[in-house]
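Not measured: the values here are computed from a predicted model. Counting begins at 1 with the first residue of the sequence. These values consider heavy atoms only, across backbone and side chains, with no hydrogens, waters or symmetry-generated copies. Every number for a ligand or one of its atoms is a count from 1 in the order of the listing.
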Amino acid sequence: MALDSAKVIAQGISKEGGLFVPESFPAISDEMFEKLIGMTYKERAAAILSLYLTDFTEAEILHCVNGAYTGTFENEDPAPLVEVKTGMHLLELWHGPTCAFKDMALQLLPYLLTTSAGKTAPEKTMVILVATSGDTGKAALDGFADVEKTKIIVFFPQEGVSPMQKLQMTTQTGNNVAVCAIHGNFDDAQTGVKNIFADESMKEFLAGADMEFSSANSINFGRLVPQVVYYVSAYCDLLKNGTLKKGEGFNVTVPTGNFGNILAAVYAKKMGVPIKKFICASNKNNILTDFIRTGTYDRNRAFYTTTSPSMDILISSNLERLLYHLYDNDTAAVSGLMDQLKKNGKYSISSDVLAKLQSEFYGGFCDDTATRETIRKHFKENNYLCDTHTGVAVNVYEQYVAETGDNTPCVIASTASPYKFAAAVLDAVKDENEAMPDNEFDMVERLSAITGTKIPAPLATLKDKTVLHKTCVHKEEMSGFIRDFLKK
Ligand SMILES: *Cc1c(COP(=O)(O)O)cnc(C)c1O
């Protein structure tokens, strides 16, 4: 069913439980690219968003973009492109308030959501429910804190997030925020949230209070559009700095978990950005590598905890959207595959669809040891410090070049500040026989001393903040926690 963008964003997920996808992709004309090249990031974002959000006025779009990207990121340009060595361009997406790439979308989503809700259900308060393995929770809290007509509730696994990530969440201020740990792992938190979304008595309770659930997860289309912008913008920067001439293409490498970030690159290509290869990088949880190489997606396998936790995932939700496009919008074929995934934990795509996939995608992975070596090597050789997720991407990019000899310029999504994963990054760059400090803040200090890089302000000030959220509940108590908070 076709819906206006305001409805799609406010609702988050379709009534049937499927994911929203655009009916067709707006094309960026040559003339528009010429204009985009001369624009700032915010101007580019407004121009691209207006192609999708056709039911928003120009003033509404400017309000959203300016609110999201003014004074919130370290630099005027929220997504700088850094050439680390010839052909290798790192797109740094982590200069926002929580030091990971999810800020790019989650600073903008509250504006899109409240503007959408203002059009579709102005009297309602939106209740954003999030289950997080770390980065999404904090980015959503920061984006939604004290936003009128919204409340945000974040659940995280007590033992499943890094000390830095936990402190980022438990010190969050704001009158409309609740943060709660749960006994269990990320899957428990995620399943709990999914059940609450579907719970009829909870829906009645919300309706009685003039409230409505929405999602800040990357299944919400409002999360994807802001991510399309930075790929278009990176292409404009490559044209502007002379790396590419008009008509020349480039590759992208993306460290992938839920498949949201790399899907945004696919959408950018559908709009006319000349991306040749999508290099999909995974850690030891290499289910996507296997899928791209064999055409079989099989989640019946061991789950590993790695130094790149935001990619420790066995079900990449947004892959469903890619399948839909690969199957030429055949919804029945895609729901067939999703049913098999639910029932048997696996599915295989047909050989012609696999050929289509492989013509555009390369899949690769590396383990923690290789990630560590990559971080160390690039710091020594290029004086560039990257985090563990970005380290995985750089490693897989280098595997790709070694295997194919393809030296096309490549944009690598750099998804987190190295300071956010200080333990693993420090371990990679410090002298072999130097002992590790025993707490996270000392590691951060040491990392800065060794590398001569600056500690991002949001992490530097964390040490002095007060822990405000101390509740930890069992899975069965999540809905009670929500009701208590919403009654306040
Ligand atoms: C979320 C995240 C990823 C994975 O992005 P997806 O869109 O889920 O594929 C990679 N790196 C970091 C640092 C993240 O926070």
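Counting only heavy atoms from C-beta outward, the side chains of L337 and Y297 never approach each other to under 4.5 Å.
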Audit row: M478, L129, side-chain contact (heavy atoms from CB on, under 4.5 Å) steps and yes/no:
CA-CA 11 Å; M478 289 167 70; L129 269 196; over 6 Å; no
Stepwise side-chain contact (heavy atoms from CB on, under 4.5 Å) test for T374 and C366:
CA-CA 10 Å; T374 301; C366 74; 5.6 Å; no
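Where the criterion is an N or O separation shorter than 3.5 Å, residue side chain and backbone included, T415 meets it with respect to ligand 1. By the 3.5 Å distance cut-off applied to N or O atoms, H389 is not counted among the residues near ligand 1. The shortest N/O to N/O separation between M311 and ligand 1 does not fall below 3.5 Å. Any N or O atom pair closer than 3.5 Å counts here, and T256 shares no such pair with ligand 1. Residue contacts with ligand 1: F101 is placed with no nitrogen or oxygen under 3.5 Å of a nitrogen or oxygen of the ligand (distance criterion only). Among the atoms of A416, none of the N or O lies under 3.5 angstrom from an N or O of ligand 1.
In this structure, K475 contributes its side chain and G192 its backbone to no donor-acceptor pair below 3.5 Å.
Ligand-side atoms of ligand 1 in range of P255: 4 (C), 10 (C), range being under 4.0 angstrom from any heavy atom. Counting atoms of ligand 1 from 1 in the listed order, those under 4.0 Å from a heavy atom of G257 are 4 (C), 6 (P), 8 (O), 9 (O). Atoms of ligand 1 found under 4.0 Å from any heavy atom of F259 (numbered from 1 in listed order, with element): 6 (P), 8 (O), 9 (O). Using a 4.0 Å cut-off to heavy atoms of G260, the atoms of ligand 1 that qualify are 6 (P), 7 (O), 9 (O).
Rounding to the nearest 0.5 angstrom, the gap separating the CG atom in L354 from the OG atom in S359 is 10.0 Å.
When non-hydrogen atoms are compared, ligand 1 lies under 4.0 Å from the side chain of D135 (C-beta onward) but not from its backbone. Within the 4.0 Å heavy-atom criterion, the part of K102 lying near ligand 1 is the side chain and not the backbone.
Taking the six-membered ring for Trp and the full ring otherwise, the centers of H325 and F25 sit less than 6.0 Å from each other.
When the options L322, V254, L319, V228 are evaluated for a side chain to side chain contact (heavy atoms under 4.5 Å, CB included) with L263, the one that passes is L322.
Ring planes of Y235 and F250: parallel class, angle under 30° (limits at 30 and 60°).
Using modelled atom types and a 3.5 Å distance limit, the side chains of T98 and D142 yield no donor-acceptor pair.
Looking at L224, N258, L319 and measuring to atom 6 (P) of ligand 1, the nearest heavy atom belongs to N258.
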